[in-house]
There are 2 protein chains.
Amino acid sequence: MAEKISGAVITRLPRYYRYLGELLEEGIDRISSRELSGRMKVTASQIRQDLNNFGGFGQQGYGYNVANLYDEIGKILGIGLTQNMIVIGAGHLGQAIANYTNYGKRGFVIKALFDINPDLAGYSVNSAPVYPLSKLEDYLKENDVKIAAICIPKTHSGEVAKRLTAAGIKAIWNFSHLDLDVPDDVIVENVHLSESLMKLSYKLNYESEKK
Amino acid sequence: MAEKISGAVITRLPRYYRYLGELLEEGIDRISSRELSGRMKVTASQIRQDLNNFGGFGQQGYGYNVANLYDEIGKILGIGLTQNMIVIGAGHLGQAIANYTNYGKRGFVIKALFDINPDLAGYSVNSAPVYPLSKLEDYLKENDVKIAAICIPKTHSGEVAKRLTAAGIKAIWNFSHLDLDVPDDVIVENVHLSESLMKLSYKLNYESEKK
DNA sequence: TCCATATTGTTAAAAATTTTACAAAAATTA
DNA sequence: TAATTTTTGTAAAATTTTTAACAATATGGA
Ligand SMILES: NC(=O)c1ccc[n+]([C@@H]2O[C@H](COP(=O)([O-])OP(=O)(O)OC[C@H]3O[C@@H](n4cnc5c(N)ncnc54)[C@H](O)[C@@H]3O)[C@@H](O)[C@H]2O)c1
Ligand SMILES: NC(=O)c1ccc[n+]([C@@H]2O[C@H](COP(=O)([O-])OP(=O)(O)OC[C@H]3O[C@@H](n4cnc5c(N)ncnc54)[C@H](O)[C@@H]3O)[C@@H](O)[C@H]2O)c1
């Protein structure tokens with residue numbers, strides 16, 4: 001990969017991966033960009049253009065081998081690497097994430113949760129223990145974890161993000177309503193649910209009648 | 001508003017709204033696009049361009065009045081309208097959403113949850129009752145609800161989406177891993193958490209070292 | 001009141017993204 | 001085996017989005 005891949009392309013990759021997974025389940029072993037285009041409601045051209053950022057996975061006159069393309073995109077996305085995670089905040093959202101078993105199937109393993117509330121320490125969620133936040137640095141010294149999900153109020157998330165990156169965390173999945181300020185080599189992926197709901201509200205009130 | 005506003009602009013609006021809310025809390029009553037640009041890490045030009053899709057809210061030589069701009073963007077986003085919602089699936093995610101009180105502050109009121117599991121019926125989450133799914137149509141006949149959040153597995157979400165739109169729901173906040181097929185006048189806003197995590201994984205494995 | 005400064009709204013340019021078009025190559029059919 | 005069909009990979013065109021530039025206008029101080 002010579003040049004930097006655009007964000008728009010990366011955002012679409014997991015969706016390709018999902019559709020290829022569905023095709024596999026349906027027992028379909030080859031697909032053309034045109035057929036996939038019909039299912040995914042994107043242009044065939046965009047599919048070919050996107051995939052060719054990473055290599056020529058198809059074959060003229062044949063199309064793409066589903067299993068092969070699924071694997072290749074999986075590799076690009078780092079699926080199957082076994083990537084350990086921790087979750088900060090064992091409240092509703094933190095527990096929902098820790099309980100969701102599909103992440104594990106993709107290699108994302110939640111090893112522990114951390115909460116400031118001492119009453120939660122000692123519990124475990126989906127066999128991942130909940131530790132007091134004070135144990136964070138010790139834990140990260142002893143365990144190979146690069147990804148942390150932040151599921152605590154914005155009043156605390158800035159401070160916690162600082163501690164996480166200081167302790168070696170390289171990627172933050174951020175559910176709090178704050179744009180985290182992290183070192184250059186740390187990835188932040190935001191999930192701002194309230195903003196998603198406002199977008200829905202905008203569309204509901206201004207766009208739906210026009211269609 | 002003559003022309004259709006681009007999706008990219010709409011996606012940025014809630015973020016402007018969030019920053020303006022923070023400015024209000026800090027007691028700052030005016031701000032220029034350049035100052036806001038510094039805080040938000042976007043270009044001043046983009047801020048002015050975005051806002052001017054909706055009207056000239058600023059004043060030369062002065063900038064923008066924070067309270068006024070906050071209100072205007074709020075109106076654009078439909079905040080303060082009191083929009084009733086229901087949540088389908090009273091599992092971990094559905095409960096996390098129903099318990100989160102900040103939506104209510106913005107006018108998004110969760111009135112009820114529905115679950116296929118009869119054991120959950122009778123419980124309530126944050127004072128919203130959980131009903132059996134079989135009561136869905138009756139409930140929507142008697143209550144003015146346009147927005148539904150879908151927090152159930154993809155195996156059921158297609159079918160439920162059909163029932164929802166048949167019963168008059170106009171916007172779906174979709175947390176399931178399925179691209180819903182809905183009538184043209186129905187809005188779907190997807191929150192695909194797994195895809196967000198895969199994107200993080202991609203960036204962690206291919207981009208972080210390069211920065 | 002006048003002048004220097006600040007800052008918007010908007011037009012134009014640049015950059016990025018998406019779509020179109022098609023030659024090259026493989027698969028399928030006759 | 002040869003001809004026809006399918007379909008990719010990619011170059012070029014079109015479109016969309018972002019950034020830059022600046023005239024118009026308001027502010028605030030002298
Ligand atoms: N639930 C949602 O729908 C939703 C929507 C949008 C954003 N969020 C964000 O996610 C956060 C968590 O949501 P939730 O529904 O799980 O809230 P919650 O109140 O159920 O859980 C928050 C948990 O974080 C813990 N906590 C607080 N400060 C901490 C700290 N410094 N370190 C470790 N743990 C700490 C609390 O003890 C609590 O257990 C919210 O504050 C918000 O920022 C949630
Ligand atoms: N929790 C996460 O982190 C996460 C991540 C990505 C996607 N999701 C999506 O959200 C869904 C819900 O996640 P969760 O963690 O809350 O799972 P969960 O198992 O805790 O809850 C699912 C709930 O949905 C109910 N349900 C099932 N079919 C139903 C139907 N037809 N109608 C009404 N209720 C029904 C179940 O009884 C259960 O209470 C997942 O299946 C998945 O599609 C969740």
Side-chain angles (χ1 to χ4, degrees), chain A residues 1-16 19-20 23 28-73 76 199 202-203 207, chain B residues 1-16 19-20 23 28-73 76 199 202-203 207:
Chain A
M1 260 166 282
E3 298 148 58
K4 167 125 162 65
I5 311 291
S6 91
V9 174
I10 298 163
T11 302
R12 286 191 292 266
L13 283 183
R15 187 153 179 269
Y16 292 130
Y19 274 84
L20 289 163
L23 289 169
I28 294 168
D29 61 355
R30 70 182 254 194
I31 193 152
S32 69
S33 57
R34 198 165 54 81
E35 271 180 287
L36 189 54
S37 149
R39 287 187 172 234
M40 294 187 64
K41 313 278 169 66
V42 297
T43 63
S45 174
Q46 182 162 74
I47 294 172
R48 296 204 297 277
Q49 196 81 274
D50 282 352
L51 296 178
N52 274 83
N53 281 292
F54 302 96
F57 303 124
Q59 208 161 16
Q60 282 104 326
Y62 175 87
Y64 299 86
N65 177 284
V66 174
N68 173 251
L69 189 55
Y70 182 77
D71 284 352
E72 291 288 352
I73 297 181
I76 293 165
K199 207 168 134 193
Y202 172 87
K203 290 191 203 161
E207 285 180 11
Chain B
M1 260 168 283
E3 298 148 58
K4 168 122 161 65
I5 310 291
S6 92
V9 174
I10 298 163
T11 302
R12 286 191 292 266
L13 284 182
R15 188 155 178 266
Y16 292 130
Y19 274 85
L20 289 163
L23 288 169
I28 294 169
D29 61 357
R30 71 184 253 195
I31 193 151
S32 69
S33 57
R34 199 166 53 81
E35 272 180 286
L36 189 55
S37 149
R39 287 186 171 236
M40 295 187 64
K41 313 278 170 63
V42 297
T43 63
S45 179
Q46 181 163 75
I47 293 172
R48 297 205 296 278
Q49 196 80 274
D50 282 353
L51 296 178
N52 275 84
N53 281 293
F54 302 96
F57 303 124
Q59 210 161 14
Q60 280 103 326
Y62 176 87
Y64 299 86
N65 176 284
V66 174
N68 173 251
L69 188 56
Y70 181 77
D71 284 352
E72 291 288 352
I73 297 181
I76 293 165
K199 207 167 135 193
Y202 172 87
K203 290 192 203 160
E207 286 181 11

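Letters A, B, ... are given to chains in the order of the sequence lines, protein chains preceding strands, and every chain is numbered from 1.
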Separation of C:dA16 atom P from A:R12 atom CZ, nearest Å, is 16 Å
Residue pairs passing the salt bridge (charged side-chain N to carboxylate O under 4.0 Å, His left out) test with at least one member in residues 35-62 of chain A, sequence neighbours excluded, are A:R12-A:D50, A:E26-A:R39
Under a 4.0 Å heavy-atom cutoff, the residues of residues 29-40 of chain B touching DNA chain D are B:R30
For B:Y70, the ring pair (Phe, Tyr, Trp, His ring centres under 6.0 Å) test, sequence neighbours excluded, returns B:Y17
Residues at least two apart in sequence or cross-chain that pass side-chain contact (heavy atoms from CB on, under 4.5 Å) with A:T11, listed by chain then number, are B:K199
query = Is there side-chain contact between B:I73 and B:L51, with heavy atoms separated by less than 4.5 Å?
reply = yes
Note: contacts of residues 42-49 of chain B with DNA chain C (heavy atom, under 4.0 Å) are B:R48, B:Q49
Tested for side chain to side chain contact (heavy atoms under 4.5 Å, CB included) against B:I5, the lone hit among B:I76, B:L13, B:N53 is B:N53
Hits for side-chain contact (heavy atoms from CB on, under 4.5 Å) against A:D71, two or more places apart or cross-chain, chain-then-number order -> none
Whole-Å distance, B:N52 CG to D:dT19 P, equals 16 Å
Under a 4.0 Å heavy-atom cutoff, the residues of residues 58-69 of chain A touching DNA chain C are A:Q59, A:Q60, A:G61, A:Y62
To the nearest angstrom, the CG-C1' distance between A:L51 and D:dT7 comes to 14 Å
Exceeds 12 heavy-atom contacts within 6.0 angstrom, atom CZ of B:R34:
no
On a heavy-atom basis, the closest approach of A:S37 and A:V42 is OG-O, 2.8 Å
Separation of C:dA16 atom P from A:N53 atom CG, nearest Å, is 14 Å
Separation of D:dT16 atom C1' from B:D50 atom CG, nearest Å, is 14 Å
Please tabulate, one pair per line, all N/O donor-acceptor pairs under 3.5 Å involving side-chain atoms of residues 55-67 of chain A, not counting sequence neighbours.
{"residue": "A:N65", "atom": "OD1", "partner": "A:A67", "partner atom": "N", "Å": "3.2"}
{"residue": "A:N65", "atom": "OD1", "partner": "A:N68", "partner atom": "N", "Å": "2.8"}

Those residues at least two apart in sequence (or on a different chain) that pass side chain to side chain donor-acceptor pair (under 3.5 Å) with B:S45 are none
Applying ring pair (Phe, Tyr, Trp, His ring centres under 6.0 Å) to A:Y16 and not counting sequence neighbours gives none
